[in-house]
Structures are given as C-alpha cells and as structure tokens.
Amino acid sequence: MPPEIQIGTASTWQIVVQNRSDREAQGVQIRDEIPKGTKLAGTHPPAQVSSDGTVVWEVGSMPPKTQATVKMELIPTEEGTIGSVASVICRSDASARTLVTRPMLEIETLGDSAVLLGEQVELTIVVSNPGTGVTRNVTLSEKVPTELQFEGGAELLYKVGDLQPGERKMTKLPLTAVRKGTFENCVLAEAEGDLSARSVFAMEVTAPALEAKLVGPSKRFLDKEGTFKLELTNAGTAPAKNIEMKVALPRGWKFVNAEYGRYDATTHSILWGLEELGAKEPAEAEFVLSPSEIGAFSLKYTASADICIPISGEKNVSVEGIAALMFQVADSNDPIQVGEETTYTVSVVNQGSKQAENVQTTVSIPAGLELVSCKEATRSSQTATGREIAFNAIPTLAPKAQKTYQFVLRGVTSGDQRVVVRLSSREFQTPIVKEESTRVFSE
C-alpha cells in the first residue's frame with residue numbers, strides 16, 4: 001500500500017500470494033476487509049464484496065512456484081492511520097480413482113414354436129451380458145411344461161458360469177412333445193448381484209384327431225339296396241397320415257360296391273386307405289349294401305392314423321320284409337256255348353319277403369254264368385247282378401308261396417260275361433281287382 005494517502009484521493013492496495021511448494025495448491029481464496037475510514041472504489045480482478053465489508057477473490061488452483069496478485073482501490077474518508085490484514089485459504093487434496101462398471105443379464109429362446117406330438121424339438125437358449133462388467137455365476141433354471149418331456153427330469157438347472165462384458169453363451173435343450181396343447185416355455189437366468197432375466201417362448205404341440213360317423217338309412221326292406229357313407233374329419237391341429245378305415249358287415253348283408261374302397265371277403269369288411277388328411281379337413285367313403293335277412297343289425301366301423309387314438313362306432317339298421325301279393329285269373333275254355341262249361345283258375349302268389357296275413361279272395365259271377373262246382377270251401381251269396389263266392393281266408397301266406405283256386409262255371413246267357421276277382425290281406429286293405437271275360441254264345 002502507499003505510505004501516505006490523502007482524503008478523497010484514490011489509492012491502490014495490492015496483495016500478492018505465492019505458492020513456493022512443489023505441489024499444486026487447490027481452492028486458493030484471498031480475503032481482505034475494507035479498512036475503517038475508507039471506501040472501496042474497485043477491485044482487480046473483480047471480487048465478491050459482502051455487506052460487512054469483506055472482499056473475497058476466488059483464485060482457484062495455483063501450480064507450484066507461481067504467484068497470484070489481486071488489487072483493490074480505496075478512497076480515504078477521514079484522517080488517521082488505516083491498515084489492512086489480508087488472509088489466504090487453500091486446500092491440499094489427495095485423490096484416487098476407480099472404474100465403476102455395470103454387469104447385465106439377458107436371455108433369449110430360439111427354436112420351432114410348433115412341434116408334432118411324439119416328435120423332438122431342440123430349443124437354443126442364448127444368455128448374454130450386454131453390460132460393462134463381468135456377470136458372475138450365471139445359472140439357468142426351468143420347470144418343463146407338462147406338454148414336453150426332458151430326459152433329465154421336470155426340473156432343469158444348468159450352470160453357465162461367468163459372462164464377460166459383451167459375451168454370449170448358447171446351450172441346447174432337447175425336448176419331446178408328449179401332450180398336445182398351447183403353452184409357454186419359461187427359462188429363468190440368474191446371477192450374482194440379484195441379476196435375473198426371463199425368457200417366455202410360446203409353443204404348441206400339434207396332433208391330428210379323427211372324428212367319424214356312419215350315415216345312411218336306419219331301416220331297409222329285405223333285398224332292397226341301401227347307400228351308406230362313412231364321414232371322416234380330422235379335428236386336430238396337424239395333418240393325419242396313413243389313415244385306415246374299415247366297416248365290418250354283419251351276417252345277412254351283401255356287399256354291392258364301394259367308392260374307392262375294396263371288399264375283403266375273408267373278414268366280410270370294406271377297407272379304405274388315405275395317405276394324408278389335413279387339419280380340419282373332411283373326407284367321406286360311400287358304399288352300397290343289400291340286406292338278405294330280416295332282423296336288427298349293426299354296421300361297425302373303425303378309423304386309425306399315425307399318432308392318433310383309434311376311433312370306432314356303429315350304426316344300427318333294422319331290416320323288414322314286405323308282403324307283395326299278386327294273382328292271375330284264367331278260364332280254360334273261351335268262348336263257350338250256352339250250357340257249356342269252363343274252368344276258372346285263380347293263382348295267388350306272395351312275391352314279397354314277408355308273409356302275408358289274412359289273405360282273402362272273393363269272386364263275383366255275373367248272371368250270365370252259373371257256378372257248377374268248386375274244390376275249395378266257400379261262402380256263397382246271391383247279389384243283384386249274379387252271385388258272389390268268398391274262399392276261406394288264408395291265415396298266413398309265406399314269401400314265394402302260392403295258393404290256387406279252381407271253380408267251374410256254365411254259360412247261361414249269351415254275351416260278354418265278366419268274372420271279377422278281388423284279393424285283399426291285412427297289408428292291403430283295399431282289394432286288388434282283376435276281371436276275366438268269357439264269351440257265351442247260342443245257336
């Protein structure tokens with residue numbers, strides 16, 4: 001500072017700080033106070049001035065063997081002796097450095113998401129460390145889903161070891177599909193420092209599933225052909241392969257033909273084969289049969305394919321007979337002269353497959369003819385137009401059986417004389433009617 005200054009005249013006060021050591025001084029701060037009897041006109045370099053008159057310069061670091069100079073400009077305001085006490089503060093630091101790293105853990109599952117029932121699938125488990133530090137003591141664990149099977153058991157534990165930054169390791173997981181369904185395969189990776197990661201891999205075990213039904217008539221008449229159809233559907237999620245279908249025919253049924261199939265006489269069965277049927281796809285096999293016996297029967301079918309549960313079923317069919325009556329009427333002599341005779345023959349036949357019951361035959365004879373004789377017991381009655389005879393009813397007439405009636409008529413009046421025969425049964429309440437004409441003449 002100057003040795004003498006005058007009131008009102010500015011003067012410069014200088015503070016010099018030296019670092020005489022061999023080490024850098026840290027956090028150097030120079031402090032001074034504005035002396036009493038003066039006022040502050042300025043500082044160089046600029047300093048912080050508090051309300052209590054403290055002036056602070058923040059110098060910062062000072063290398064070894066260097067100095068720092070600061071100045072303040074003061075103006076005296078009163079006479080007397082003034083002075084200044086400056087102070088310096090510094091910090092001596094000791095430091096050390098370390099590198100902070102972050103280990104990380106990631107896991108991924110690769111492989112086929114769909115596998116056929118019974119086949120093997122190999123999943124690739126990829127575990128990696130994308131961090132900057134070593135991931136230590138990595139382990140993999142999994143509880144194998146019930147749809148899959150691992151030869152080592154249902155609980156899987158695999159030690160991977162340490163993973164360097166950026167390192168990845170792979171392990172193969174061979175599994176066998178043992179049950180169809182949709183599920184998730186979860187693998188958990190864990191490491192020191194509470195690191196964990198989970199891989200969830202959606203999967204499906206696919207499998208074919210056969211469904212079948214036999215459609216066709218549930219009732220047939222004897223010897224009347226019927227068309228049946230075996231309808232097959234693959235209701236599963238995978239193609240069905242090497243399909244075999246079979247319909248076993250009951251005794252009393254005859255094979256007529258089959259679409260695409262073949263008849264095996266040894267087993268009395270119809271067989272079909274199909275290489276492949278896609279998921280949700282249908283197929284059908286048509287065949288024709290003819291019943292040769294009356295009764296209740298069951299057509300049994302089976303269907304099978306690779307890795308499929310075989311299926312079976314049956315269709316019940318009843319076979320009935322039918323009575324089919326027919327008859328013929330013929331006269332032995334036509335024309336005839338008045339007074340001459342002719343023999344009528346009525347032949348009744350059951351052409352059906354079932355016996356006819358309560359078979360009734362009646363004959364209406366016109367007035368121009370008269371009944372001479374009849375070999376069968378009859379009931380006879382007079383009508384307004386002639387005579388009617390009724391043969392005793394036949395309780396049952398077996399299939400293919402025949403009954404013949406004969407009676408003798410004599411010509412009475414010339415002309416076209418028509419004999420009317422009526423046939424009825426329990427099955428045919430409305431009679432079957434036929435006429436036979438006999439020409440009668442006179443000299």
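Only heavy atoms go into these numbers, but all of them, side chains included; no hydrogens, no water, no symmetry mates. Residue indices begin at 1 and follow the sequence shown.
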Would you check if there is a donor-acceptor pair between the side chains of [Y] and [X] at a distance under 3.5 Å?
{"X": "Thr342", "Y": "Asn333", "value": "no"}
{"X": "Glu167", "Y": "Asn129", "value": "no"}
{"X": "Thr438", "Y": "Asp334", "value": "no"}
{"X": "Thr345", "Y": "Gln406", "value": "yes"}
{"X": "Asn242", "Y": "Glu275", "value": "no"}
{"X": "Thr101", "Y": "Thr132", "value": "no"}

Identified side-chain contact (heavy atoms from CB on, under 4.5 Å) counterpart of Pro335 within the set Gln417, Glu340, Arg439: Arg439

Partner of Val160 by side-chain contact (heavy atoms from CB on, under 4.5 Å), out of Val127, Leu105, Ile125: Val127

Test log, rule side chain to side chain contact (heavy atoms under 4.5 Å, CB included), inputs Ser373 and Val408: CA-CA 5 Å; Ser373 63; Val408 179; 3.4 Å; yes

With side chains defined as the heavy atoms from C-beta onward, is the minimum distance between [X] and [Y] less than 4.5 Å?
{"X": "Glu244", "Y": "Leu274", "value": "no"}
{"X": "Tyr158", "Y": "Thr139", "value": "no"}
{"X": "Val88", "Y": "Val28", "value": "yes"}
{"X": "Leu156", "Y": "Ser141", "value": "no"}

Main-chain N/O of Pro208 paired with Asn234 side-chain donor or acceptor, under 3.5 Å: no

Short side-chain to backbone donor-acceptor contact, Lys180 and Thr206, under 3.5 Å: no

Ring-face cation contact, Phe327 with Lys434, 6.0 Å cut, 45° max: yes

So, [X] and [Y], do they make that salt bridge, N to O below 4.0 Å?
{"X": "Glu58", "Y": "Arg31", "result": "no"}
{"X": "Lys241", "Y": "Asp306", "result": "no"}
{"X": "Glu293", "Y": "Arg251", "result": "yes"}
{"X": "Asp22", "Y": "Lys65", "result": "yes"}

Minimal non-hydrogen separation, [X] against [Y], with atom names:
{"X": "Lys400", "Y": "Gln351", "value": "NZ-O, 2.8 Å"}
{"X": "Gln149", "Y": "Val144", "value": "N-CG1, 4.3 Å"}
{"X": "Ala47", "Y": "Val56", "value": "CB-O, 3.2 Å"}
{"X": "Asp112", "Y": "Phe201", "value": "O-CE2, 3.9 Å"}
{"X": "Ser347", "Y": "Thr404", "value": "OG-OG1, 3.8 Å"}
{"X": "Val126", "Y": "Arg168", "value": "CG1-NH2, 3.2 Å"}

Residue pair Val363, Phe391: steps toward the side chain to side chain contact (heavy atoms under 4.5 Å, CB included) verdict: CA-CA 8 Å; Val363 180; Phe391 297 100; 3.8 Å; yes

Straight-line distance of Glu122 CD to Lys172 NZ, nearest 0.5 Å: 5.0 Å

Rounded distance [0.5 Å steps], CD1 in Ile389 versus SG in Cys374: 5.0 Å

Within the 6.0 Å centroid threshold, strictly below: His268 and Phe255: no

Pairs where residues 410-427 contributes a residue and the test salt bridge (charged side-chain N to carboxylate O under 4.0 Å, His left out) is met, not counting sequence neighbours: Glu341-Arg410, Glu357-Arg426, Glu370-Arg410, Asp416-Arg418, Arg418-Glu435

Residue pair Trp272, Phe287: steps toward the ring-ring contact (aromatic ring centres under 6.0 Å, His included) verdict: CA-CA 11 Å; Trp272 294 267; Phe287 57 98; 5.7 Å; yes

Parallel, tilted or perpendicular, as decided by the 30° and 60° cut-offs, for the rings of Trp253 and Phe228: perpendicular

